[in-house]
Amino acid sequence: ISFALGSGVTGLLGPNGAGKSTLLHLLAGLLAPSAGTVRIQGRPTFGDPSIYRDVGLVPEREAVPGYLTGHAFVRLNAVLQGVVDSDAAADRAIATVDLVDAAHRQIRTYSKGMRQRAKLAAALVHDPRILLLDEPFNGMDPRQRLHMMDLLRSLAAQGRVILFSSHILEEVERLAEAVLVVYAGRLAAAGD
């Protein structure tokens, strides 16, 4: 697979098992490439924790401790990122993803869509230039999907690089300006 990303929304489309999540984990620096290089702003991603200052990741897997409140989870991510006013940053990120009413409830009480929004708030809390989103619309109701799509378009208009994976053609078609199609671990097509 070989590609470069610029600002805007790019959809990573492919069937389940095609390698979308693996590719996102490579870009996030969580996996080492078995061959070739993965770079963000010219720096290799694996083994360089400073890359996390530029990247916000929303993993598909649940990585949200249920005993924390949504606010505590997002604030924890702000603290880990070294954000100066972590409470204010958490409040802003939670408002951005429309989760204010549930911010002080434990995450174990959240629906799947609410947990997705909490993960997105945690990814946005340090205002990263690059967002990597793995199946971000899973579990969201239609209103939440529309809000998320509008939010991602707005973030892209501010110059952010957004890559999101999906196996649902309609999601990619409605949101992405560019599409990367992955099949069996290879880039099968790229374009609009």
Side-chain angles (χ1 to χ4, degrees), residues 1 3-15 18 20-21 23-28 40-41 45 51-60 63-64 70 73-74 77-78 81 83 88-103 110-182 187-192:
I1 293 178
F3 64 89
L5 296 174
S7 62
V9 181
T10 301
L12 185 59
L13 181 65
K20 300 181 303 292
S21 294
L23 186 56
L24 289 170
H25 288 139
L26 285 163
L27 289 168
I40 290 184
Q41 298 177 347
T45 59
I51 212 79
Y52 303 139
R53 300 284 185 249
D54 297 323
V55 175
L57 173 67
V58 175
E60 181 181 20
V64 184
F73 174 66
V74 176
N77 281 273
Q81 287 290 355
V83 175
D91 289 341
R92 279 191 304 276
I94 287 168
T96 299
V97 300
D98 193 25
L99 199 58
V100 172
D101 291 342
Y110 285 11
S111 68
K112 171 75 172 167
M114 292 168 78
R115 287 192 307 272
Q116 288 291 90
R117 288 185 285 152
K119 290 190 297 187
L120 179 59
L124 289 171
V125 75
H126 64 290
D127 197 27
R129 200 175 88 60
I130 301 161
L131 282 174
L132 305 173
L133 314 171
D134 199 359
E135 303 280 353
F137 303 106
N138 279 354
M140 290 190 182
D141 64 37
R143 185 190 67 79
Q144 292 169 347
R145 282 175 187 258
L146 291 174
H147 179 264
M148 173 77 86
M149 287 184 180
D150 288 343
L151 172 60
L152 294 178
R153 282 187 198 103
S154 169
L155 293 169
Q158 296 169 15
R160 286 186 175 80
V161 176
I162 300 172
L163 179 64
F164 79 98
S165 72
S166 181
H167 59 275
I168 300 173
L169 181 59
E170 179 189 355
E171 289 176 353
V172 174
E173 186 177 36
R174 289 185 71 188
L175 180 59
E177 301 156 19
V179 179
L180 302 171
V181 180
V182 177
L187 186 62
D192 60 15

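We count residues from 1, following the sequence as given.
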Worksheet item: Please walk me through it: do L131 and V58 pass side-chain contact (heavy atoms from CB on, under 4.5 Å)?
Response: CA-CA 8 Å; L131 282 174; V58 175; 5.8 Å; no
Fill in: Pair V161-R129, side-chain contact (heavy atoms from CB on, under 4.5 Å): steps then yes or no
CA-CA 6 Å; V161 176; R129 200 175 88 60; 3.7 Å; yes
Worksheet entry | Stepwise side-chain contact (heavy atoms from CB on, under 4.5 Å) check, V55 with T45 | CA-CA 10 Å; V55 175; T45 59; over 6 Å; no
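Surrounding CD of Q158 are more than 12 heavy atoms belonging to other residues, nucleotides or ligands, all under 6.0 Å away.
Closest approach of Y110 to A118, counting heavy atoms only: CE2-CB, 4.2 Å. When all heavy atoms of Q144 and G113 are compared, the pair lying nearest together is OE1-CA, 3.9 Å. Contact between P128 and G56 at its shortest, heavy atoms only, is CB-N, 3.6 Å. A103 and I94 make their closest contact through CB-CG2, 3.9 Å (heavy atoms, listed as atom of the first residue, atom of the second, distance). Closest approach of I162 to A156, counting heavy atoms only: CD1-N, 3.8 Å. Of all heavy-atom pairs spanning P136 and S165, the tightest one is CD-O, 3.6 Å.
Listed by chain and number, the residues in a ring-ring contact (aromatic ring centres under 6.0 Å, His included) with F137 are F164 (sequence neighbours excluded).
Each of L120, V125, L151 was checked for a side-chain contact (heavy atoms from CB on, under 4.5 Å) with T96, and the lone residue meeting it is L151. Partner S166 forms a side-chain contact (heavy atoms from CB on, under 4.5 Å) with one of V172, L12, L133 and no other, that one being V172.
Annotation: side chain of L27 is not in contact with side chain of I130 (no heavy-atom distance under 4.5 Å). When side chains are defined from C-beta on, L99 does not count as touching Q116, because their heavy atoms never get closer than 4.5 Å. The side-chain heavy atoms of L175 and R153, taken from C-beta on, include a pair separated by under 4.5 Å. By the 4.5 Å heavy-atom criterion applied to side chains, E135 and K20 are counted as neighbours.
Here L163 contributes atom CG and L5 contributes atom CG; the two are 5.5 Å apart, rounded to the nearest 0.5 Å. Atom NE2 in H147 sits 11.5 Å away from atom CG in D141 (nearest 0.5 Å). Rounding to the nearest 0.5 Å places NZ of K112 at 9.5 Å from CE of M140.
Of the possible donor and acceptor atoms, none in the side chain of E60 sits under 3.5 Å from a partner among the backbone N and O of D134. A donor-acceptor pair is defined here as one N or O able to donate and one able to accept, closer than 3.5 Å; such a pair exists between the side chain of H25 and the backbone of S21. With H167 contributing its side chain and A18 its backbone, the two residues share no donor-acceptor pair below 3.5 Å.
Sequence neighbours left out, the pairs with a member in residues 115-124 that pass salt bridge (Lys or Arg N to Asp or Glu O under 4.0 Å) are E62-R115, E62-K119.
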